[in-house]
Amino acid sequence: MHKLLIRGGKRLSGRVKVSGAKNACLPILAATLLTEQRCLISNVPALKDVETMLSILESLGRRVKRRGGDIEIDQGGVTEVTARYDLVRTMRASIAVLGPLLARYGEARVSFPGGCVIGPRPIDLHLKGLRELGAQITVEEGYIVARAKKLKGARVYLGGHFGSSVLATANTMMAAVMASGETVIEDAACEPEITDLASFLSGMGADIDGAGTPTIRIRGVKSLSGTEHRVIFDRIEAGTYMMAALITDGKLDILGADISHNIALVDKIREIGGMVKEGPEGVSVSRRSRKIKPADITTFTYPGFPTDLQAQMMSLVSISGGISVITEKVYPERFIHISELNRMGANIILEGATAIVKGVGRLSGAPVMASDLRASAALVLAALVAEGDTEISRIYHLDRGYERIEEKLSGVGADIRRVEE
Ligand code: EPU
C-alpha cells in the first residue's frame with residue numbers, strides 16, 4: 001500500500017492538465033456492450049475504476065486493447081451475461097453494465113453492489129427504469145437478475161428522494177436505445193457525463209434528444225454499430241485543482257477545464273474571493289482577495305454545486321476568515337472527512353446533514369487516513385496549506401479517481417511524494 005507525504009506551505013504555480021472524466025468514461029465503456037463492432041474510446045484516464053470496468057468487460061467476453069489513453073474494445077470470446085461479485089464489489093459504477101447487457105442479450109445478472117462509505121446508495125431507480133421498459137427483475141443469490149424478451153419504450157419518471165440519479169439515467173438510456181418505440185425519461189440527470197454518454201450512443205447510431213435536460217427522448221433502433229469517441233475532461237478533477245490554487249494562494253492554469261461544466265463552483269469561487277479567467281486552453285485560477293471568505297454551500301444535482309466537490313470546498317473554507325455552512329443534499333452522510341480535517345486543526349461541527357465550518361488561521365500537518373475518493377482529495381488540499389508534514393494513508397481511494405495526482409501537483413510546485421507504507 002502507498003501513502004502520500006506532503007510538506008505544506010508551497011504556493012502552486014504553473015500549468016496542470018486535466019484528464020478524461022472517470023464518471024463519463026465508466027458508463028461509456030459499459031455502453032460498448034451494446035454492439036458487437038469495434039469501439040475506440042480516447043482520453044480515458046489511467047485509474048483503478050477504469051481498470052475495474054475493463055476487467056468486467058473482459059469477464060463478459062470482450063477483447064480490450066489499451067494504448068495510453070486510447071482503448072479499443074470488440075467482441076472477443078464467449079459472451080457472458082453475469083457481472084461477478086468479486087469485480088462488482090470493488091466499484092458501485094459496475095451497475096452500469098445492467099442496462100446494456102439486458103438490452104443486447106435479453107438477460108443480465110449483476111452482483112448487488114454493497115454499502116458504501118459515503119452512505120446508503122440504493123439502486124431502486126435503476127430497477128424502476130428497467131421495469132418500466134418491460135424487464136422482469138429478481139434478486140437471486142446476491143445477484144440482480146433482469147430478463148426481458150423485448151424491451152418496450154415507455155414514459156419513465158426517474159426523480160428520486162434526492163433528485164435525479166446519474167447512473168440510473170445512464171442505465172435506462174442504454175436499455176432504451178434498442179427498445180421498440182419511444183422512451184421518454186422525465187427528471188433525468190442533467191450532468192455533462194450524461195450528455196457525453198448520449199453523444200457516444202448517438203455515434204453508435206442511437207436516436208436521442210434532450211440529453212443534458214430533465215427530459216430525454218429516445219427512439220429505439222434495431223441495432224448499434226461501433227464508433228470512435230473522445231471522453232470529456234473531468235470537471236471534478238478540474239475543480240479540485242482550482243481549489244488547490246486558491247488554498248495555497250497560488251495561480252494555476254488548468255488545461256482542459258471547462259467553466260460551463262463547473263458553473264456552480266466558479267460562482268462560489270468568485271464569492272469567496274477567487275478569480276477564474278477563461279482562456280483558449282482552459283481556465284486560470286488565483287485569489288482576488290488576500291484572504292478566503294466564508295460561504296454557504298448546498299450540494300445539488302447538476303447544475304447545482306456537486307457533491308463530489310463538497311469535501312474539497314470544506315478544506316478551502318476551513319481557512320477562511322469566518323463561518324461557512326455546508327449542506328449535503330445528495331449524500332447526507334458524506335462527511336467522514338470532517339474528523340480528519342479537525343485532526344489537522346480545522347474547526348468543523350456536524351449538525352445532521354449540515355457542517356458548520358469556523359475558519360481557522362492555520363492548519364497543521366498530521367498523520368491522517370483517506371476514507372473515500374473525494375475525502376482523500378480534501379485531505380491533500382488541506383495538507384498543501386498546512387504547516388509541517390502530513391502523511392495520508394490508504395490513498396488507494398485517491399487512485400480510483402485522480403490520475404497521477406502527485407506528479408501533477410509536484411509539477412506545479414507542491415512538495416508531495418508517494419512512498420510505500
Ligand atoms: N439514488 C436513489 N436511488 C437510486 C440511485 C440513486 O435514491 O436508484 C440516490 C442516491 O442515494 C443519491 C442520489 O440519488 O442520494 C444521487 O445518486 P446518483 O445515482 O446520481 O449517484 P451515482 O450515479 O451512483 C454518480 C457518480 C458519483 C457522484 C454521484 C452524484 C459515477 C460513476 N459516480 O454516482 O461519483 O457522487 O453521481 O453526482 O458517475 C465519485 O466520483 O467520487 C462519485 C461518488
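Both ligands and their constituent atoms are indexed starting at 1 by order of listing. Everything quoted here is computed from the prediction, not taken from an experiment.
- In this structure, Lys22 does not pair ionically with Asp308, as no charged nitrogen and carboxylate oxygen lie closer than 4.0 Å.
- At a heavy-atom distance under 4.0 Å, atoms from both the backbone and the side chain of Val330 approach ligand 1.
- Nearest non-hydrogen protein atom to atom 8 (O) of ligand 1 is Leu125 N, 2.7 Å.
- With salt bridges taken as basic N to acidic carboxylate O contacts below 4.0 Å, none links Glu421 and Arg394.
- One finds no salt bridge joining Arg15 and Asp253 here, because no Lys/Arg side-chain nitrogen approaches an Asp/Glu carboxylate oxygen to under 4.0 Å.
- What sits closest to atom 32 (C) of ligand 1 on the protein, heavy atoms only, is Asn23 OD1, 3.2 Å.
- A salt bridge does not link Glu328 with Arg334: none of the charged nitrogens is closer than 4.0 Å to a carboxylate oxygen.
- The shortest contact between atom 19 (O) of ligand 1 and any protein heavy atom is with Ser165 OG, 2.5 Å.
- One finds the CG atom of Leu167 at 11.0 Å from the CG atom of Leu98 (value rounded to the nearest 0.5 Å).
- Here Glu193 pairs with Arg235 in a salt bridge; the nearest charged N to carboxylate O distance falls below 4.0 Å.
- Arg121 NH2, 3.7 Å is the protein heavy atom nearest to atom 22 (P) of ligand 1.
- Applying the 4.0 Å criterion to heavy atoms of Phe162 picks out, from ligand 1, the atoms 13 (C), 15 (O).
- Under a 4.0 Å N-O distance rule, the pair Asp209/Arg217 does not qualify as a salt bridge.
- Within the 4.5 Å cutoff, the side chain of Ser59 has no heavy atoms near those of the Glu80 side chain.
- The single protein non-hydrogen atom nearest to atom 37 (O) of ligand 1 is Val166 CG2, 3.5 Å, given as residue, atom name and distance.
- Interatomic distance, Ile71 CD1 to Asn43 CG, rounded to the nearest 0.5 Å: 11.0 Å.
- Given atom 43 (C) of ligand 1, the protein heavy atom at minimum distance is Asp308 OD1, 3.4 Å.
- Residue contacts with ligand 1, taken as heavy atom pairs separated by less than 4.0 Å, involve Asp124 via backbone and side-chain atoms alike.
- Per-residue contacts place Thr307 under 4.0 angstrom from the following atoms of ligand 1 (heavy atoms of the residue considered): 30 (C), 36 (O), 38 (O).
- Within ligand 1, the atoms closer than 4.0 Å to a non-hydrogen atom of Ile123 are 4 (C), 8 (O), numbered from 1 in the order shown.
- Polar contact with ligand 1: present for Arg374 (N/O pair, distance under 3.5 Å).
- Within a 6.0 Å sphere centred on OH of Tyr85, other residues, nucleotides and ligands contribute 12 heavy atoms or fewer.
- Among all protein heavy atoms, the one lying closest to atom 7 (O) of ligand 1 is Pro122 CG, 3.3 Å.
- Residue Lys22 places at least one N or O, backbone or side chain, under 3.5 Å from an N or O of ligand 1.
- Counting the atoms of ligand 1 from 1 in the order shown, those under 4.0 Å from a heavy atom of Ala93 are 32 (C).
- Near His126, meaning under 4.0 Å from any of its heavy atoms, are these atoms of ligand 1: 8 (O).
- Taking distance alone, with nitrogen or oxygen atoms compared against 3.5 Å, Glu191 stays at or beyond that limit from ligand 1.
- At the shortest separation from atom 29 (C) of ligand 1 among protein heavy atoms lies Tyr331 OH, 3.4 Å.
- A donor atom on one side chain and an acceptor atom on the other are not found under 3.5 Å apart for Tyr143 and Arg84.
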message: Evaluate Arg38 against Leu40 for side-chain contact (heavy atoms from CB on, under 4.5 Å), listing each step before the verdict.
response: CA-CA 7 Å; Arg38 198 169 59 115; Leu40 282 173; 4.2 Å; yes

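- Proximity of Leu167 to ligand 1, defined as any heavy-atom pair under 4.0 Å, is shared by backbone and side chain alike.
- Of the heavy atoms in Arg334, only side-chain atoms (C-beta onward) come closer than 4.0 Å to ligand 1.
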